[in-house]
Amino acid sequence: MIILGIESSCDETSLAVYDSEKNLILSTYTSSQAELHSRFGGVVPEVASRNHILNIEALFEQCMEEAELTPQDLDAIGVTNAPGLIGALFVGVSFAKALGYALKIPVVPVNHLSAHILAAELQNEGLEAPYLALIISGGHTHIYDIDCAYNFELLAKTIDDAAGESFDKVAKMLDLGYPGGPLIEKLAEDGDATKIKFPIPIKKRPDFSFSGLKTSVLTQIQAGKETPADIAASFQKTVADVLILKTLRMAKERGRRTVVVAGGVACNGYIRRAFEAQKGFDIYFPSPRLCTDNGDMIAFTAHKFFGQRRFASLDETAHDRMQHINK
Ligand code: KG4
Ligand code: ZN
């Protein structure tokens, strides 16, 4: 099958074409709005939606050209339908529906979080559930147990900020800009990660909490005694320590040896190396490009679950979410 994947849940418009027989991405194009939003210090939803509208058609045409295909060669379309910014999601979903209707091909709704996790399978041939998965993105910090039938069981999540959000907020406090993750990572290269001992919040519980850590960082910045590089490095180390402690403790509890770490924060080289240094587990990451938002993971996930409704716990649509909020 030839599948087009469409991602527009946040500030990246990303489209890719996947050939399932060759297990190959034939083309992929992403337009990042990060620079546009950086002046606001975070993503402005309405600006994101409007720019998705401006970008999506050209990206589709580029994808078709590079893959040397015409739209009629497509067999299906996968599109992120949740979770994400509602207006931004609508752009991708509307484009997918219109294209699917015109071409008379199915449109497969893809949950963004499941796609982040499955990105690891796209690049690691032979990797298949069961495994434990940690997703660390701008909006989520979740641990899932995924059984061999690809049922997702949510085991732990953040009770306040997401891991990526904490990187973004600390970067803002240090006047580094947006998105914060890569900027903190860069600054931390010149710092001493052992200089400041930040506390690990709710250490004994499976859930995560990053807002107390953020406050401790702010206190350090205001005290003015430590260098920004040491603060960044010590903060990054604490995040890595927390993620490793809670994820691997849960993996042991569930008897899982295979662990997938995915989502934007999994781009972080320090966090990757810290996970890889752990003994007794097989740890898989998608490549950094496939950790941040991309159409490749959407196309791949759409193919993997084509015609099935397997994501019992991840079936949420934007519509379900609104009903939940309205209750
Ligand atoms: O998965 P993603 O691209 O979008 C969401 O679905 O949220 O994740 C974006 C998040 C942002 O918070 C960004 O600061 C963080 O991933 N991020 C990083 C790095 N690269 C991106 N965090 C730490 N280190 C990085 N190198
Ligand atoms: Zn994402």
Side-chain angles (χ1 to χ4, degrees), residues 5-14 16 30-35 37-38 40-43 45 48 52 79-86 88-89 92 110-120 133-142 157-158 160-174 176-189 191 193 208 210 213-214 217 232-233 235-243 260-275 285-298 300-301 314:
I6 303 176
E7 160 60 37
S8 72
S9 66
C10 192
D11 60 346
E12 256 116 26
T13 328
S14 185
T30 299
S31 165
S32 173
Q33 303 174 23
E35 215 179 303
H37 295 276
S38 67
F40 305 108
V43 178
H52 286 312
V79 60
T80 305
N81 77 322
L85 303 171
I86 189 77
L89 289 166
V110 173
N111 180 286
H112 185 78
L113 302 182
S114 59
H116 265 305
I117 296 166
L118 263 70
L134 168 70
I135 164 141
I136 34 179
S137 69
H140 297 85
T141 308
H142 285 182
K157 61 180 176 16
T158 179
D160 40 56
D161 294 345
E165 195 178 352
S166 76
F167 270 93
D168 294 334
K169 286 182 176 169
V170 166
K172 206 169 182 176
M173 294 188 298
L174 288 168
L176 297 180
Y178 173 87
L183 299 166
I184 296 260
E185 184 178 0
K186 182 104 201 48
L187 180 62
E189 281 169 16
F208 298 94
F210 292 102
L213 174 59
K214 177 187 68 191
V217 171
F235 159 75
Q236 182 175 260
K237 178 185 182 322
T238 311
V239 174
D241 289 348
V242 174
L243 296 173
V260 167
V261 183
V265 182
C267 284
N268 185 288
Y270 180 90
I271 294 175
R272 292 170 87 95
R273 287 189 297 277
F275 264 102
F285 302 89
S287 67
R289 186 181 74 78
L290 288 197
C291 282
T292 50
D293 293 346
N294 62 85
D296 314 36
M297 66 182 188
I298 307 302
F300 178 75
T301 305
L314 288 184

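Just the heavy atoms: all of them, side chains too, but no hydrogens, waters or symmetry mates, feed the values below. In each ligand, atom 1 is the first atom listed, and ligand 1 is the first ligand listed.
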Numbering the atoms of ligand 1 from 1, which are under 4.0 Å from a heavy atom of [X]?
X    : result
G164 : 12 (O)
H112 : 6 (O)
G139 : 7 (O)

* Asked: Going by atom types alone, do S31 and Q33 pair a side-chain donor with an acceptor below 3.5 Å?
  ->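 Looking only at side-chain atoms, Q33 and S31 do not form any donor-acceptor pair under 3.5 Å.
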* Asked: Of all the atoms in H112, is at least one N, O or S atom closer to the Zn ion (ligand 2) than 2.8 Å?
  ->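 Yes, within the cut-off.
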* Asked: Near the Zn ion (ligand 2), is there an N/O/S atom from H140 that is less than 2.8 Å away?
  ->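 Checking H140: none of its N, O or S atoms is under 2.8 Å.
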Can you measure from [atom1] ([X]) to [atom2] ([Y]) and round to the nearest 0.5 angstrom?
X    : Y    : atom1 : atom2 : answer
L113 : H142 : CG    : NE2   : 6.5 Å
H37  : S32  : NE2   : OG    : 8.0 Å
N294 : T80  : CG    : OG1   : 9.0 Å
T292 : H116 : OG1   : NE2   : 8.0 Å

Residue, atom name and distance, where the atom is the protein heavy atom closest to [atom]:
atom                    : value
atom 2 (P) of ligand 1  : D293 OD1, 3.5 Å
atom 26 (N) of ligand 1 : E185 OE1, 2.8 Å
atom 24 (N) of ligand 1 : N268 ND2, 3.0 Å
atom 12 (O) of ligand 1 : D168 OD2, 2.7 Å
atom 17 (N) of ligand 1 : G264 O, 3.5 Å

Can you check whether [X] has an N/O within less than 3.5 Å of an N/O in ligand 1?
X    : answer
T292 : no
G181 : yes
C267 : no
G138 : yes

* **salt_bridge(D296, R289) N-O dist < 4.0 Å** =>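 Answer for the salt bridge query: yes.
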* **K172 with D168: basic N within carboxylate O range, under 4.0 Å** =>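 No, no charged N to carboxylate O under 4.0 Å.
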Would you please determine whether [X] falls within less than 4.0 Å of ligand 1 on a heavy-atom basis?
X    : value
H116 : yes
P182 : yes
Q236 : no

* Look at the rings of F210 and F208 and say which category their plane angle falls in: under 30° parallel, 30 to 60° tilted, over 60° perpendicular. =>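 Rings of F210 and F208: parallel, under 30°.
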* **T141 and L243, any side-chain heavy atoms less than 4.5 Å apart** =>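 Yes, close enough: below the 4.5 Å cut-off.
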* Can you find a pair of side-chain heavy atoms, one from L174 and one from F235, that are under 4.5 Å apart? ->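 L174 does not reach F235 side chain to side chain.
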* Asked: What angle, in degrees and rounded to 10°, do you get at the Zn ion (ligand 2) when you join it to OD1 of D293 and to NE2 of H116?
  ->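 Value, to the nearest 10 degrees: 100°.
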* Asked: Looking at C291 and R272, what are the two nearest heavy atoms and their distance?
  ->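 Taking C291 first and R272 second, the nearest heavy atoms are SG-NH1, 3.7 Å.
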